[in-house]
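Note on naming: letters A, B, ... go to the chains in the order of the sequence lines (proteins, then strands), and numbering restarts at 1 for each one.
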Amino acid sequence: MDIIFRVYRELYSMYGPQGWWPLLGHGGYHKEDYTLPKSQDEVFEVCLGAILTQNTSFTSVVQSLENLEALGALSVEGVKKLPVEVLKNAIKPSGYFNQKARYILAFVAFFETLTKVPTREELLRVLGIGEETADSILLYGYKQNEFVVDSYTKRIFFRLGLIEERAKYADVKHLVQQSFQCVEDTNKLWIEYQEFHALLVEHAKRYYSKRPYARGCPLVKL
DNA sequence: TTCCAGGCAATAC
DNA sequence: GTATTGCATGGA
């Protein structure tokens, strides 16, 4: 069997379903409930979180989202009503608040124009949305079959000898997606991609956060 | 105190 | 095209 798919199966057996993307209104994670996000506001919350978590831990993002919720700004209309300084102050816990405020306002303007699921290309044209953020929005907000590659993914794959150290985003993404061609139901491939990405993050937090990386990592034996 | 966190845009070569 | 730099707070 494909080595990357074996890594997925191994991680799933180790940690089980992860229940990403966390949503405030559902107590955070929601294991094995793949119906979420349901409302447009919940989709919007995923998008906000995807922007706020750039190079930032999600625990900090939760603080920002809670601040926004308290301001009634966990929606497009809510964010638009906020003075920019109030918005910046609310998202301060997530860092880079000047940039991220601009990104959020740019995204709000884009989100308002949507009449369907956005394409990846459309998302990438929005200020502040790069490849990972675009794929996070598509995978977790819109249930599209787009695997998310992050720094943890690259770090683990590199340590396991599966990619080059400076492998490009698109190359890693395609490598994973090719490895998942064995999945029968391609209509629900996004569920596997959601779990795999979340599992990689969980695993990286345990074994790949402190140097030397991979110390005690049980995947090395694969 | 230092290091790191679920990146991105602008700029420099 | 690839490499570097600024962005900023909070927790370990």
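Taking a centre distance below 5.5 Å and an interplanar angle below 30 degrees as the stacking criterion, A/Phe58 stacks against the six-membered base ring of B/dG6. By the stacking rule of 5.5 Å between ring centres and under 30° between planes, A/Tyr103 does not stack on the base of B/dA9.
For the pair A/Lys100 NZ and B/dC8 P, the interatomic distance rounds to 11 Å; values are reported in whole Å. Per the geometry, OH belonging to A/Tyr96 stands 16 Å off P belonging to B/dA10, to the nearest Å.
Out of C/dG10, C/dC7, C/dT9, the shortest distance to the side chain of A/Gln63 is found at C/dG10. Nearest nucleotide to the side chain of A/Tyr29, out of C/dG10, B/dG7, B/dG6: B/dG6. Looking at the side chain of A/Asp150, the nearest of the listed nucleotides B/dG7, C/dA3, B/dA5 is B/dG7.
Within the 4.0 angstrom heavy-atom criterion, only backbone atoms of the sugar-phosphate kind lie near A/Leu127; the bases stay farther away. Within the nucleic acid shown, A/Lys154 has no heavy atom closer than 4.0 Å to any nucleic acid atom. No engagement by A/Leu200 is indicated, since no non-hydrogen atom pair under 4.0 Å with the nucleic acid exists.
No option in A/Val76, A/Leu127, A/Leu123, A/Leu48 other than A/Leu123 meets the side chain to side chain contact (heavy atoms under 4.5 Å, CB included) test with A/Phe107.
Between A/Lys205 and B/dC4 there is no side-chain polar atom (N or O) within less than 4.0 angstrom of OP1 or OP2. For A/Arg155 and B/dA5, the shortest distance from a side-chain N or O to OP1 or OP2 is below 4.0 Å.
In this structure, A/Lys173 does not pair ionically with A/Glu132, as no charged nitrogen and carboxylate oxygen lie closer than 4.0 Å. In this structure, A/Lys154 does not pair ionically with A/Glu165, as no charged nitrogen and carboxylate oxygen lie closer than 4.0 Å.
Of the residues near DNA chain C, A/Lys168 and A/Lys92, the one whose nearest nucleotide (by heavy atom distance) lies more toward the 5' end is A/Lys168.
Two rings, from A/Phe196 and A/Phe180, have their centers less than 6.0 Å apart.
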